[in-house]
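Quantities reported herein were computed from a predicted structural model and do not represent experimental measurements.
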Amino acid sequence: MKNFFLITLISIFVGLCSIFLLPNDILQVANLNLNSDLRNNISTLTTQLLNYTKSNILNTYLSPQLEPQQPTTTNTHIITPPPTYNMSVPRLIRKIFLATEQAEGAGARVRRSIGTPQLRNFSPFLMLDHFSIRPGAGFPDHPHRGQETITYLLQGGVDHEDFAGNKGTISAGDLQFMTAGRGIMHAEMPRQNPDGSANVGLQLWVDLPKELKSCEPRYRDLKAEEVPTVETDEGKVKVKVISGKSHGVDSVKDLAYTPVWILDVEIQPGGKVVQEVPEGWNAFAYTLEGTTIFSSGEGKEKRTVDQFHNVVFEPKGEAVYAEVDAGAEKPGRFVLIAGTPLDQQVVQYGPFVLNSQEEVYQAFVDYQTHTNGFERAKGWRSEIGKSMTH
């Protein structure tokens with residue numbers, strides 16, 4: 001028996017030895033200078049787009065022909081050991097700023113943190129809106145081309161409908177990934193909650209690689225119960241792995257063409273987490289609730305961040321370090337989002353996101369003439385948009 005244990009220990013030792021001895025964002029956003037003739041031709045459309053659309057905004061590329069695999073598992077709940085604060089090279093904080101509230105769509109209110117002068121060139125991300133839509137408000141019929149939108153509903157319910165006959169509803173905890181591709185026209189309208197409360201969520205606009213700008217539009221939904229959840233630091237930290245990976249747990253499926261990680265992180269008072277992110281990817285954290293402390297590693301500078309702020313990280317480094325003070329009155333909650341930068345020019349005008357001015361001009365023409373992807377827009381009106389009250 002002693003020889004057996006001795007041999008086992010030697011085998012483990014040899015195995016460990018063999019393991020350890022083995023050998024900026026360059027996107028440019030172009031401002032459009034429309035000539036007078038073109039401006040006259042599209043003035044009506046421009047007004048519509050500005051009134052009814054949200055202007056300015058997982059792990060390998062998918063070809064336009066490939067569809068992500070459907071989920072085969074339900075919600076996973078896993079407990080992991082406490083974090084080790086010196087395990088990964090920390091990411092430094094580039095900037096922190098408040099997302100101020102503004103009006104958007106038809107009667108909606110949003111806190112926009114990406115797609116503003118504070119943060120505009122942050123490929124692949126075009127826009128992040130923290131929206132609040134009350135009954136009677138919403139985003140009625142409007143077009144898109146050249147990007148993906150990811151909607152994460154936090155409270156209430158939102159209906160959607162498009163000119164291809166797609167329709168559905170997402171509820172609290174659900175997500176919808178929409179690829180506009182060559183063109184789509186749709187509406188997003190809030191549910192009428194019995195208590196009159198607002199429908200709250202996040203909408204992220206993600207740029208498409210130029211070779212996928214003309215792909216066919218599509219929707220993919222991810223239900224709350226399909227999102228794996230992992231716990232660490234003796235249960236003080238809970239991470240919903242919407243896309244990407246956290247503490248060894250992978251998301252159930254890839255839902256976007258552009259590789260993006262989305263993690264919903266909640267930290268109880270006294271808890272701390274080290275969340276790894278792919279090196280070289282652009283990453284940020286948007287704070288939803290409470291007060292969270294972000295740092296550059298154990299013993300390094302710490303920054304205390306309240307809710308509704310965007311924390312932008314430098315691309316170098318392997319992990320984001322976050323904690324909540326033990327004396328805090330409530331947990332801190334934030335979404336950590338990272339994406340691979342795209343080496344391409346961005347020219348955006350309202351809901352059209354292309355790679356040149358000529359392509360944006362063509363998008364206006366196609367939408368007006370109902371061609372090249374917008375054929376079904378002619379005469380189309382959504383049923384949910386008809387309920388809009390003014």
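- Put simply, the side chain of Asp141 never gets that close to the backbone of Ala187: no donor and acceptor are under 3.5 Å apart.
- Judged as a side chain to side chain contact (heavy atoms under 4.5 Å, CB included), and not counting sequence neighbours, the contacts of Val320 are Phe294, Phe313, Leu336.
- Using modelled atom types, one side-chain atom of Asn199 and one backbone atom of Gly157 make a donor-acceptor pair closer than 3.5 Å.
- Looking at heavy atoms from C-beta onward, Val241 lies out of side-chain contact with Asp250 at the 4.5 angstrom threshold.
- Side-chain atoms of Glu323 never come within 3.5 Å of backbone atoms of Asp325 as a donor-acceptor pair (strictly under, hydrogens ignored).
- Judged as a side-chain hydrogen bond (donor to acceptor under 3.5 Å, both in side chains), and not counting sequence neighbours, Asn355 has no contacts.
- A distance of 9.5 Å separates CG of Leu175 from NZ of Lys240, quoted to the nearest 0.5 Å.
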### Task
Show the numbers, then the answer: is there a side-chain contact (heavy atoms from CB on, under 4.5 Å) between Arg112 and Gln102?
CA-CA 8 Å; Arg112 180 167 298 163; Gln102 64 185 61; 3.6 Å; yes

### Query
Are Val273 and Asp233 close enough, and set up right, to give a side-chain contact (heavy atoms from CB on, under 4.5 Å), and what steps lead you there?
CA-CA 7 Å; Val273 67; Asp233 196 8; over 6 Å; no

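- A single hydrophobic cluster is seen to contain both Leu98 and Leu119, as judged by linkage of ILVMFWY side chains at heavy-atom distances under 4.5 Å, directly or through other members.
- One N or O on the side chain of Ser123 and one on the backbone of Leu342 form a donor-acceptor pair closer than 3.5 Å.
- Take Lys167 and apply the salt bridge (Lys or Arg N to Asp or Glu O under 4.0 Å) test, not counting sequence neighbours, and it matches no residue.
- Within the 4.5 Å cutoff, no side-chain heavy atoms of Met185 are placed close to those of His144.
- In this structure, Thr287 contributes its side chain and His309 its backbone to a donor-acceptor pair below 3.5 Å.
- Judged by distance alone, the side chain of Thr149 and the main-chain N or O of Trp205 form no donor-acceptor pair under 3.5 Å.
- Arg182 meets the salt bridge (Lys or Arg N to Asp or Glu O under 4.0 Å) test with Glu216; sequence neighbours excluded.
- Looking at Thr179 and Arg220, their side chains do bring a donor and an acceptor atom within 3.5 Å of each other.
- From Thr258, atom OG1 reaches atom CD of Gln147 across 10.5 Å, with rounding to the nearest 0.5 Å.
- For residues 280-289, every residue pair satisfying the salt bridge (Lys or Arg N to Asp or Glu O under 4.0 Å) rule, not counting sequence neighbours, is listed here: Glu289-Arg333.
- Ile293 and Val265 are members of different hydrophobic clusters when ILVMFWY side chains are connected at heavy-atom separations under 4.5 Å.
- Inspection of the Glu279 and Trp281 side chains reveals no N or O donor paired with an N or O acceptor under 3.5 Å.
- Atom CD1 of Ile114 is separated from atom CG of Leu204 by 6.5 Å, given to the nearest 0.5 angstrom.
- Applying the side chain to side chain contact (heavy atoms under 4.5 Å, CB included) rule to Glu375 yields no partners; only residues at least two apart in sequence or on another chain are considered.
- Contacts of Glu383 classified as salt bridge (Lys or Arg N to Asp or Glu O under 4.0 Å), with partners at least two apart in sequence or in another chain: Lys386.
- The ring-ring contact (aromatic ring centres under 6.0 Å, His included) contacts involving residues 90-116 comprise nothing, where partners must be two or more places apart or lie in separate chains.
- Side-chain N or O atoms of Glu318 include one that pairs as donor or acceptor with a backbone N or O of Val89 at under 3.5 Å.
- Within the model, atoms CZ of Arg111 and CG of Leu288 stand 11.5 Å from one another, a figure rounded to the nearest 0.5 Å.
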### Message
Run the side-chain contact (heavy atoms from CB on, under 4.5 Å) test on Val237 and Glu231 for me, step by step, so that the C-alpha distance in whole Å, both residues' side-chain angles and the decisive distance to 0.1 Å come before the verdict.
### Response
CA-CA 5 Å; Val237 177; Glu231 292 187 1; over 6 Å; no

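- Residues Val346 and Asp207 have side chains in contact (heavy-atom distance under 4.5 Å, counting atoms from C-beta outward).
- Between Gln362 and Tyr367 the shortest side-chain heavy-atom distance does not fall below 4.5 Å.
- Between Val260 and Ile337, the closest side-chain pair of non-hydrogen atoms falls below 4.5 Å.
- In this structure the side chain of Val324 never reaches within 4.5 angstrom of the side chain of Thr291, judged on heavy atoms.
- When all heavy atoms of Ser88 and Glu276 are compared, the closest pair comes out as OG-OE2, 2.9 Å.
- Asp174 contributes atom CG, which lies 4.5 Å from atom NZ of Lys223 (distance to the nearest 0.5 angstrom).
- Side-chain atoms of Gln344 come within 3.5 Å of backbone atoms of Leu208 as a donor-acceptor pair (strictly under, hydrogens ignored).
- Taking Leu354 as the reference, Arg145, Lys213, Phe352, Glu359, Val360, Ala363 meet the side chain to side chain contact (heavy atoms under 4.5 Å, CB included) condition, with sequence neighbours excluded.
- Looking at Ile150 and Gln176, their side chains never come closer than 4.5 Å, going by heavy atoms from C-beta outward.
- Only one option out of Asp264, Thr292, Leu263, Val311 pairs with Phe334 in a side chain to side chain contact (heavy atoms under 4.5 Å, CB included); it is Thr292.
- Between the side chains of Gln118 and Ser113, no donor-acceptor pair of N or O atoms lies under 3.5 Å.
- Checked against the 6.0 Å centroid threshold, His186 and His160 do not count as a close aromatic pair.
- When the shell of 6.0 Å around NZ of Lys95 is examined, it contains more than 12 heavy atoms from other residues, nucleotides or ligands.
- Every residue two or more places apart in sequence or in another chain that forms a side chain to side chain contact (heavy atoms under 4.5 Å, CB included) with Asn166 is listed here: Asp162, Ala164, Tyr219.
- What you find for Pro217 and Ala180 is that their closest heavy atoms are CB-O, 3.5 Å.
- No cation-pi contact links Arg94 to Phe122, judged by a cut-off of 6.0 Å to the six-membered ring centre and 45° from its axis.
- Formation of a donor-acceptor pair under 3.5 Å by the Asn193 side chain with backbone atoms of Asp195 is not found in this model.
- Here Ile170 contributes atom CD1 and Leu153 contributes atom CG; the two are 5.0 Å apart, rounded to the nearest 0.5 Å.
- Looking at residues two or more places apart in sequence or on another chain, you find a side-chain hydrogen bond (donor to acceptor under 3.5 Å, both in side chains) between Thr369 and Thr371.
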### Task
Kindly indicate, with the supporting measurements, whether the criterion salt bridge (charged side-chain N to carboxylate O under 4.0 Å, His left out) is fulfilled by Arg91 and Glu314.
CA-CA 6 Å; Arg91 288 220 179 185; Glu314 297 288 354; over 6 Å; no

### Intermediate values then yes/no, side-chain contact (heavy atoms from CB on, under 4.5 Å), Phe139 and Glu104
CA-CA 8 Å; Phe139 302 103; Glu104 189 63 38; 4.0 Å; yes

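- Under the 4.5 Å side-chain criterion, counting only non-hydrogen atoms from C-beta, Phe131 is not in contact with Leu202.
- Taking the ring-ring contact (aromatic ring centres under 6.0 Å, His included) definition, one finds that Tyr286 meets it with His130, sequence neighbours left out.
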